[in-house]
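Sequential numbering from 1 along the given sequence is applied to the chain's residues.
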Amino acid sequence: MTDAALTVVYDGECPFCSNYVRLMALRRSVGTVALVDAREGGPVVEDLTRRGYDLDNGMVVRHGRTLYYGPDALVLLSTLSEDRGPIGRALSWLLRSPSRARLLYPMMKLGRRATLALLGRRLIAQPASGRHP
C-alpha cells in the first residue's frame, strides 16, 4: 500500500471522518502516517476495492501487514492515539472498546450518509452524475 508505518484510507469529504483522523494524534506514537483520501483514487484505493473493501461502509487502516476495516479500524486508531484535548480523549476512550465501537459504528455510518446528503455530496462509489453504477 504505502511505505508508512500506518496508512489510513478515509472519506476526505466527510466532515466527521476528516475531523476524526485529524483529532487522533498518531504520528508521535506510530511514526510515519499516510492519510489517503478514498475519493482521490489511486493505487491504494484501487487495491482495496479489488480486495472487496467497500469504502462507503468503512475506513481501512493498514498497520504493519494487517488491514483493519470499519469498527476494527476505529479501535486500532483509538488505541494508537495520544491524548489530544477533551474531545480527542473522549473519542479515544469511547472507541477503544471493540464492543462499543461495533455498537456505535452503524449509527456513525448512518450519520455520515445523512451528513453527506445534507451537504449535497455523493458517496464515494457514486459517479458524478449521482446515479449508482
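The salt bridge (Lys or Arg N to Asp or Glu O under 4.0 Å) pairs that include a residue from residues 6-20 are D11-R39, D11-R112, E13-R39, where partners are two or more places apart or lie in different chains.
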Chi angles and distances behind the side-chain contact (heavy atoms from CB on, under 4.5 Å) call for D47, R50 = CA-CA 5 Å; D47 179 55; R50 198 173 29 258; 3.7 Å; yes
Determine, step by step, whether V8 and V36 satisfy the side-chain contact (heavy atoms from CB on, under 4.5 Å) criterion, reporting the C-alpha distance in whole Å, the side-chain angles of both residues, the deciding distance to 0.1 Å, and the verdict.
-> CA-CA 6 Å; V8 180; V36 177; over 6 Å; no
How far apart are the C-alpha atoms of R113 and D56, what are their side-chain angles, what is the distance that settles it, and do they pass the side-chain contact (heavy atoms from CB on, under 4.5 Å) test?
-> CA-CA 9 Å; R113 284 182 183 249; D56 273 317; 4.0 Å; yes
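Separating the CG atom in D37 from the OH atom in Y10 is a distance of 5.5 Å, to the nearest 0.5 Å.
With hydrophobic clusters built from ILVMFWY side chains whose heavy atoms lie under 4.5 angstrom apart, L76 shares a cluster with W93.
V75 and A101 make their closest contact through CG2-CB, 3.5 Å (heavy atoms, listed as atom of the first residue, atom of the second, distance). Residues P106 and L103 share a closest heavy-atom pair of CD-O, 3.5 Å.
With hydrogens and angles ignored, the 3.5 Å screen pairs a side-chain donor or acceptor of S18 with a backbone N or O of G12.
V9 has its side chain out of reach of M59: every pair of non-hydrogen atoms, C-beta onward, lies at least 4.5 Å apart. Side-chain contact check for L123 versus L116: some heavy-atom pair is nearer than 4.5 Å. Counting heavy atoms from C-beta outward, P15 and T115 have side chains that approach closer than 4.5 Å.
Checking R62 against T7 by side-chain atom types alone, a donor-acceptor pair falls below 3.5 Å.
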For residues 65-74, please give each side-chain donor-acceptor pair under 3.5 Å, one per line with the distance, not counting sequence neighbours.
from	atom 1	to	atom 2	distance (Å)
Y69	OH	D54	O	2.6
D72	OD1	R102	NH1	2.8
D72	OD1	R102	NH2	3.0

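Residues that satisfy the side-chain contact (heavy atoms from CB on, under 4.5 Å) test with L104, not counting sequence neighbours, are L94, L95, M107, M108.
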